[in-house]
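Only one structure is covered here, and it is reproduced in the block below.
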Amino acid sequence: MGDGETARLKVYIDNEKADASISKVEFVPQNANGKAMTLSQESSGAAEKVVRLSPPTDSITYNCRIDKLLVPYIGGTTINWMSNITWRADYWSHSHTFSSTTYDDFIMPCTKSGYNRGSQPTGFNQNNPEGPSNGIYGYFMDDYGTSFLLTGNWEVKEDSSWVGRVMSQEELKNYAWIYFPGTPVGYKNTFDFTYNDIATGTISRGSYGKGALVDSMDGRIMTENVSVSTVPSTDTTVQSGSGFVGYLVVYVRHNGSDKDTKVYVNLDIRNCEKGYR
């Protein structure tokens, strides 16, 4: 049987003249999936019983369908957003005549190529207190708020060829241009980070910077660049965790003795809705 499906079973004595009766029908789970199954009795009689066996829910995986996608350009040249964009934590310093040095902290997606840290991050305009303004940087988030701003030398254009395409949520999260993995922990340290770094705990999620921090935020879809709808998966592949879950046991009393018959129950788990199979 499949997840989300209810099996209706009628058990009866085939020979009306037999000195036999059905004492009970029960389900005996053999693993965690089996323990989640429920058996209910629809009708009961000595010669016939009708039962229903059901898994707890229909296991459905939801994917992301792209409704609109804006792709990045620099100077009229398109940037490969699928392979050449990464998330970066960075900072730059202000030296003050009568006070100690202060720092501005930034979280941003930028191109992987053409990056040279030097004394100041390439792409920062030191005369612009709003932070990065050219070169490799696209959207950025600073310590003045939680919104991403598009820098002057970057532009975005709609790519209609992506409309209607579907990808899994995990796949979407691996593209920095369309998914923000959350704020990493750091201070006076320049590093690239990915969704996988945050998800596995290689890099902790928290606040970046010192003093006026880039706020701690959870991961989210970059709605600045992409609009998506969630749609149920159409994948009919039987998933791991499927298989034998327990026995349906029928107990029969015949000629003064009790006997039982076991029926093996297998559960197939699929990502799609039960109506799609």
Side-chain angles (χ1 to χ4, degrees), residues 1-67 164-174 179 195-196 198-201 205 218-221 228-277:
M1 60 186 302
D3 59 303
E5 299 172 347
T6 295
R8 184 178 182 272
L9 305 165
K10 181 168 72 171
V11 183
Y12 60 95
I13 303 298
D14 190 41
N15 188 341
E16 294 181 359
K17 296 182 179 180
D19 181 17
S21 62
I22 303 169
S23 54
K24 66 176 179 178
V25 180
E26 67 178 4
F27 178 71
V28 182
Q30 296 296 304
N31 53 33
N33 282 339
K35 291 178 180 178
M37 306 281 284
T38 57
L39 182 71
S40 60
Q41 190 164 271
E42 185 176 303
S43 66
S44 179
E48 179 181 294
K49 296 185 188 300
V50 178
V51 296
R52 291 178 179 269
L53 183 63
S54 306
T57 57
D58 185 9
S59 176
I60 304 173
T61 296
Y62 287 90
N63 294 327
C64 296
R65 183 187 64 210
I66 294 178
D67 298 324
R165 295 199 197 185
V166 176
M167 63 175 68
S168 69
Q169 294 187 41
E170 286 300 304
E171 181 184 2
L172 181 145
K173 290 176 181 178
N174 284 296
Y179 189 80
Y195 160 73
N196 190 59
I198 299 289
T200 60
R205 182 179 288 159
D218 294 333
R220 69 168 178 85
I221 292 173
V228 301
S229 300
T230 55
V231 293
S233 171
T234 57
D235 181 12
T236 60
T237 304
V238 176
Q239 302 298 309
S240 62
S242 300
F244 174 64
V245 292
Y247 304 100
L248 191 69
V249 186
V250 180
Y251 296 89
V252 176
R253 187 165 185 80
H254 182 234
N255 291 333
S257 62
D258 293 321
K259 297 181 180 180
D260 64 75
T261 299
K262 293 180 179 178
V263 179
Y264 285 75
V265 178
N266 290 330
L267 179 67
D268 287 343
I269 301 172
R270 296 178 173 87
N271 290 335
C272 60
E273 295 176 305
K274 64 179 181 180
Y276 188 80
R277 299 162 198 164

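Worth saying up front: this structure is predicted, and the values here are computed from it rather than measured.
Among Asn63, Asn271, Asp235, the one residue that satisfies the side chain to side chain contact (heavy atoms under 4.5 Å, CB included) test with Ser168 is Asn63. Of the candidates Leu9, Ile22, Asp260, Val250 forms a side chain to side chain contact (heavy atoms under 4.5 Å, CB included) with just one, namely Ile22.
Using a 4.5 Å heavy-atom threshold, the side chains of Val228 and Ile221 count as touching. With contacts defined as side-chain heavy-atom distances shorter than 4.5 Å, the pair Ile66/Met167 qualifies.
For the pair Asp67 and Arg65, the salt-bridge criterion is met [side-chain N within less than 4.0 Å of a carboxylate O].
Between the Gln239 side chain and the Thr237 main chain, a donor and an acceptor come within less than 3.5 Å of each other. Distance alone, capped at 3.5 Å, is enough to place a donor-acceptor pair between the Ser242 side chain and the Ile269 backbone. Between the side chain of Asp268 and the main chain of Met1, no donor-acceptor pair closer than 3.5 Å is present. Using a distance-only test at 3.5 Å, with no hydrogens or angles considered, no donor-acceptor pair links the side chain of Asn174 to the main chain of Tyr195. Judged by distance alone, with hydrogens and angles left aside, the side-chain atoms of Ser23 form a donor-acceptor pair with the main-chain N or O of Tyr251 at under 3.5 Å. Distance alone, capped at 3.5 Å, is enough to place a donor-acceptor pair between the Asp3 side chain and the Arg270 backbone.
In terms of heavy-atom proximity, Pro55 sits nearest to Gly2 at CG-O, 3.9 Å. Contact detail for Gln169 and Tyr62: the closest heavy-atom pair is NE2-O, 2.8 Å. Among all heavy-atom pairs drawn from Arg253 and Gly256, the shortest one is NH2-O, 3.2 Å. Here the shortest heavy-atom pairing between His254 and Ala20 reads CD2-CB, 3.8 Å. What you find for Val245 and Phe27 is that their closest heavy atoms are O-CZ, 4.0 Å. A pairwise comparison of heavy atoms in Leu39 and Leu248 identifies CD1-CD1, 4.0 Å as the closest pair.
The distance from atom CZ of Arg8 to atom OG of Ser54, rounded to the nearest 0.5 Å, is 12.0 Å.
Ring pair Tyr247/Tyr264 is perpendicular by interplanar angle, where above 60° counts as perpendicular and below 30° as parallel.
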